[in-house]
There are 2 protein chains.
Amino acid sequence: MSQEFSGKGDPLKLMQLLWGKVQAPRRGPKPKVSLNELVTSAIAIADAEGIDAVSTRKVAEAVGISPMSFYTHVPSIAELRDLMLDQVLAECTEPPEGWENMNWHQRLTYIAENLWQHYMRHTWVVEMETHRPVMGPNTLASYELALSAVDGLGLDEIEMDLTVTSLHNYVLGAVRHAAREQAVWKDTGMSDTEWWYTIAPFMETLDFSPYPVSSRVGPIAGEAYGVGDPLRAFKFGLERFLDGMTLLIERKQGAPDQ
Amino acid sequence: MSQEFSGKGDPLKLMQLLWGKVQAPRRGPKPKVSLNELVTSAIAIADAEGIDAVSTRKVAEAVGISPMSFYTHVPSIAELRDLMLDQVLAECTEPPEGWENMNWHQRLTYIAENLWQHYMRHTWVVEMETHRPVMGPNTLASYELALSAVDGLGLDEIEMDLTVTSLHNYVLGAVRHAAREQAVWKDTGMSDTEWWYTIAPFMETLDFSPYPVSSRVGPIAGEAYGVGDPLRAFKFGLERFLDGMTLLIERKQGAPDQ
DNA sequence: AAAAAACTATTTACACCGTACAACATTTAA
DNA sequence: TTAAATGTTGTACGGTGTAAATAGTTTTTT
């Protein structure tokens with residue numbers, strides 16, 4: 001299912017749907033619903049019940065068409081999912097207030113934290129974005145915003161792309177813990193802390209002598225921020241990355257011809 | 001399906017299975033297969049056909065038991081997937097040759113690159129690890145190895161944990177592009193480059209004026225390394241992160257009491 | 001030795017899923 | 001008015017996870 005990559009079918013059709021470039025049919029009955037209604041409805045279902053609740057039948061029912069009518073609007077569920085990804089990313093395309101007065105450090109921090117919040121609002125996106133890039137208008141617009149944060153700093157185009165890409169990569173990797181916790185809590189009512197206390201008695205029966213460093217670090221880290229503090233790990237890594245970026249940018253500005 | 005978090009059922013049962021702490025039954029017939037055979041078989045299927053090909057029926061057939069016999073060994077497919085994750089991570093638990101003579105920079109680089117290769121060997125792991133941490137022996141052992149890379153540098157325990165966690169987060173975020181490309185290629189025979197050429201004619205019909213920076217950066221980056229070079233982006237971000245780590249470690253060593 | 005208990009294995013069944021296919025309904029161009 | 005093009009719908013198939021009932025096997029208890 002998730003293995004049904006859209007490249008298999010018709011990548012062009014997906015692009016046309018993403019960019020609204022499907023030529024309007026000259027004859028035939030008017031469609032009962034628009035593509036936008038389908039995608040919006042699917043996103044609502046995913047936000048409320050998770051991505052696995054988004055089935056062709058359920059989306060069709062939500063917008064009031066028969067199950068198979070779905071396929072007149074979207075080639076398959078794989079394309080629907082890609083459309084969902086691009087549409088929901090509309091939240092990350094606009095610069096925030098004061099953007100013009102921010103330096104690159106503040107801008108990249110904003111990009112990363114905004115992306116974090118986006119993933120937390122729609123935890124299903126974290127699962128889906130492991131798949132295939134979606135060349136849609138909102139995806140491109142959010143890439144544009146991120147790139148503009150590091151424009152004019154002395155980085156060449158390739159370094160700009162690498163910066164934005166690895167920052168995005170990092171956020172996605174870091175957010176999954178927090179996203180998972182929220183999804184599990186939503187689904188089961190059990191927090192990570194409760195889960196931890198459930199297995200803690202068992203953990204104490206284990207022999208930890210093969211893991212000397214872990215058994216020193218684990219409890220201290222655990223006491224400091226509970227089972228794990230994804231946000232703190234995220235911020236820690238972000239700081240290291242940005243510190244590294246500072247070094248690179250200073251180097252480039254010191255030798256602009258390199 | 002992927003929303004069936006194991007916390008829902010019985011987290012303790014999973015822990016017992018992970019650590020081989022299920023008390024041997026006193027009576028009744030001998031099981032036809034062992035848990036290990038089931039998990040190994042499931043991993044083989046996932047490696048060959050992707051995670052979605054791993055169904056209870058298929059695994060049962062592969063080891064030669066009836067479909068429902070599966071549930072004698074594993075509570076549900078969610079637990080099987082967790083067991084797969086831990087078992088396959090056995091590849092990342094041993095220090096490489098020369099580990100003792102490496103400095104922290106070399107060690108962290110090894111950890112990151114080895115993890116990258118692990119994910120590339122088993123691309124389905126990338127999809128699955130977005131879910132829930134598995135407190136199994138191999139997971140713990142790989143955590144131990146990573147922690148030992150930054151032990152004795154003047155970092156406190158929390159910083160050690162944060163370092164290892166964010167490094168792992170970063171690798172996971174960065175590898176997904178490469179993993180996806182490989183999975184798509186395996187499944188469809190279409191490389192990312194071919195896919196790009198399929199949609200390129202359409203892309204040229206689009207109006208890129210709303211994306212000035214992207215349309216400057218995109219082509220240059222594209223020409224430099226094709227559609228995208230996940231490995232290069234990975235290494236770029238890794239360098240920035242390690243540069244940032246250097247600053248932190250130097251700071252800590254300059255003020256050991258802080 | 002016989003009976004009971006504990007366990008594994010199997011069969012059947014159900015409610016979902018994505019979607020192929022064919023018949024039908026509606027709108028427009030010829 | 002007719003034919004073409006399109007949207008809608010019902011039926012059907014093979015796949016999924018797994019609940020429930022049943023059958024078979026081994027060990028413990030009587």
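Below, chain A is the first sequence line, B the second, and so on; all start at residue 1.
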* Structure fact -> Among the nucleotides dT8(C), dT18(D), dT8(D), whichever has the atom closest to the side chain of Tyr71(B) is dT18(D)
* Could you state the atom-to-atom distance from CG of Asp52(B) to C1' of dC17(C) in whole Å? => 12 Å
* Could one point to a donor on the side chain of Arg57(A) or the base of dG18(C) with an acceptor on the other under 3.5 Å away? -> yes
* **Separation of dG7(D) P from Phe70(A) CZ (nearest whole Å)** => 14 Å
* Crowded around Trp19(B) CH2? As in, over 12 foreign heavy atoms under 6.0 Å? -> yes
* Of all residues at least two apart in sequence or in a different chain, which pass the ring-ring contact (aromatic ring centres under 6.0 Å, His included) check with His168(B)? -> none
* Mind jotting down which residue pairs meet the salt bridge (charged side-chain N to carboxylate O under 4.0 Å, His left out) criterion with at least one end in residues 58-78 of chain A? Sequence neighbours excluded, please. => Glu49(A)-Lys58(A)
* Asked: Do you see a donor-acceptor pair shorter than 3.5 Å between the side chains of Asp192(A) and Tyr197(A)?
  -> no
* Asked: So what does Ser55(A) hit on the nucleic acid, given a heavy-atom distance under 4.0 Å: a base, only sugar-phosphate, or nothing?
  -> sugar-phosphate
* If we ignore angles and hydrogens, is there a donor and acceptor under 3.5 Å between the side chains of Thr123(A) and Gln182(A)? -> no
* To do: Answer yes when Glu91(A) and Arg121(A) have at least one side-chain N-carboxylate O distance shorter than 4.0 Å, and no when they do not.
  => yes
* Atom-to-atom span, NZ of Lys32(B) to C1' of dT25(D) - whole angstrom -> 12 Å
* Asked: Heavy-atom contacts under 4.0 Å between residues 21-30 of chain B and DNA chain D, which residues?
  -> Arg26(B), Arg27(B), Gly28(B), Pro29(B)
* To do: Mind checking Ser66(A) for me? I need base, sugar-phosphate or nothing, with any heavy atom below 4.0 Å counting as a touch.
  => base
* Starting from C1' on dC14(C), measure out to CE on Met68(B) and report it in whole angstrom. => 12 Å
* For Glu37(B) and Thr40(B), test the side chains for any donor-to-acceptor distance below 3.5 angstrom and give the result as yes or no. => no
* Go through dT8(D), dT18(D), dG18(C) for me and flag the one nearest to the Thr56(B) side chain. => dT18(D)
* To do: Send over the distance from Glu61(B) CD to dT10(C) C1', rounded to a whole Å.
  => 15 Å
* Euclidean distance, atom CZ of residue Arg81(A) to atom C1' of dT19(C) [Å, nearest integer] -> 14 Å
* Structure fact -> In whole angstroms, the gap separating C1' of dT8(D) from CG of Leu38(A) amounts to 13 Å
* May I have the distance from Lys58(A) (atom NZ) to dT19(C) (atom C1'), rounded to whole angstrom? => 18 Å
